[in-house]
Amino acid sequence: MFDILVKGGTLPDGTVADIGITGDRIAAVGRLPAEAGRVIDATGDLVSPPFVDPHFHMDATLSYGLPRVNASGTLLEGIALWGELREIATVEEMVARALTYCDWAVSMGLLAIRTHVDTTPDHLRGVEAMLEVKRRVAPYLDLQLVAFPQDGLYRTPTGRQNVLRALDMGVDVVGGIPHFERTMEEGAESLRDLARIAAERGLMWDVHCDETDDPMSRHVETMAREVTRHGLGGRAAGSHLTSMHSMDNYYVSKLLPLIAESGMTAIPNPLINITLQGRHDTYPKRRGLTRVKEMQALGIPVGWGQDCVLDPWYSLGTADMLDVAFMGLHVAQMTHPAEMARCFTMVTETNAQIMGLSDYGLRPGCLASLVVLDAGTPTEALRLRPDRLAVISKGRLVAERQRNDARLDLPARPGTVRRRLG
Ligand code: FE2
């Protein structure tokens, strides 16, 4: 007898199957006897492995308006604003805000998050707070922390030293922000330095790389070179890569094969990139999202990241990775049926691959983490961004929601209406 049986759900590939859970593992998938401590009827619902967010800033989340709002809406004012906030925010405040965000995440079926933690200030209160949050949510949410020198590795006297201190304290991933160093050369040197640190310590590497509209920015090229040099392959991710949007097409035709050769992955953040990029343009205004489909065509794994929710850079957000994928789908013009389905895969399987999550998926033996959505298919989930009816994390039912029957009377889901009211 299973502890939990999720009955009759439709998996992302269209298969209809029951999922039996014992302890923290998926014990069986297929047509199973309805004997379990708890049976969840998922007939007609989409059952997916959990959502994964490979790019977030949890030390800043839910701080919107503190100490004031970002009036210009630019990345640079956001960084300046955050510079003020991180000096007055206490560990307790950051922990409380992050734990609230983690509750939101769980309710949305988002069960793994990679978050960049600013290591610029010598007090490292953000690192202390996020290590505490990671410890507290570990039973139900996997957090990966990135040592992120927000103000540059070399631009402050202790930038490099504080990245190393954070890694020594237990932060998991090496970060970076080459386009914010003083010069292009110092940006390139920061990448060589950080790649060495990641290689020597056997860590993953995730860089805010070329998050600008500058068509001449060349840090992605340097990063790919360092990934190849140190064999960091699947352990390295380039976040944002927005300058690639504005680059010369001939140059990009050389760059993309170098990225593919390195084995690195890419994390565009569509909600943020579409609002922050192009702010210095008049008209036409560039979208600023990196070249998603072109990278995918070369086999480069590309996920979608959330980046920000209610903070100095972004005034909206709900911890819903379907919102992220929905925006990405539009901005990258991924409207073919196969591309829409891929957008769902990007916020589940691809993001899990980018984060190096083990035992992820809906196969027997995998961790028993999944989400039941009030939708029939991945594409319908993107269209409706529906209720999460049940969320199971490591064998525990952590969120549940009554089906919104009232909506079933609307012609929102032709062919899937269960019953009519009146
Ligand atoms: Fe970011």
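Worth saying up front: this structure is predicted, and the values here are computed from it rather than measured. Atoms within a ligand are numbered from 1 in the order they appear, just like the ligands themselves.
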Is Glu132 salt-bridged to Arg135, cutoff N-O under 4.0 Å?
yes
Any idea how Phe344 and Phe51 line up, ring-wise: parallel (<30°), tilted (30 to 60°), or perpendicular (>60°)?
perpendicular
Within the stated cut-off of 2.8 Å, is an N/O/S atom of Cys308 closer than that to the Fe ion (ligand 1)?
no
Just one of Ile4, Ile26, Val372, Ile392 clears the side chain to side chain contact (heavy atoms under 4.5 Å, CB included) bar with Ile19, so which one?
Ile26
Taking N, O or S atoms only and a limit of 2.8 Å, check whether His116 reaches the Fe ion (ligand 1).
no
Taking the Fe ion (ligand 1) as the vertex, how big is the angle to NE2 in His55 and NE2 in His208, rounded to 10°?
90°
To check you understand the geometry: which heavy-atom pair defines the closest contact between Leu11 and Ala17, and what is its length?
CD1-CB, 4.3 Å
Looking at the Fe ion (ligand 1), which N/O/S atom of Asp307 is the nearest one?
OD1
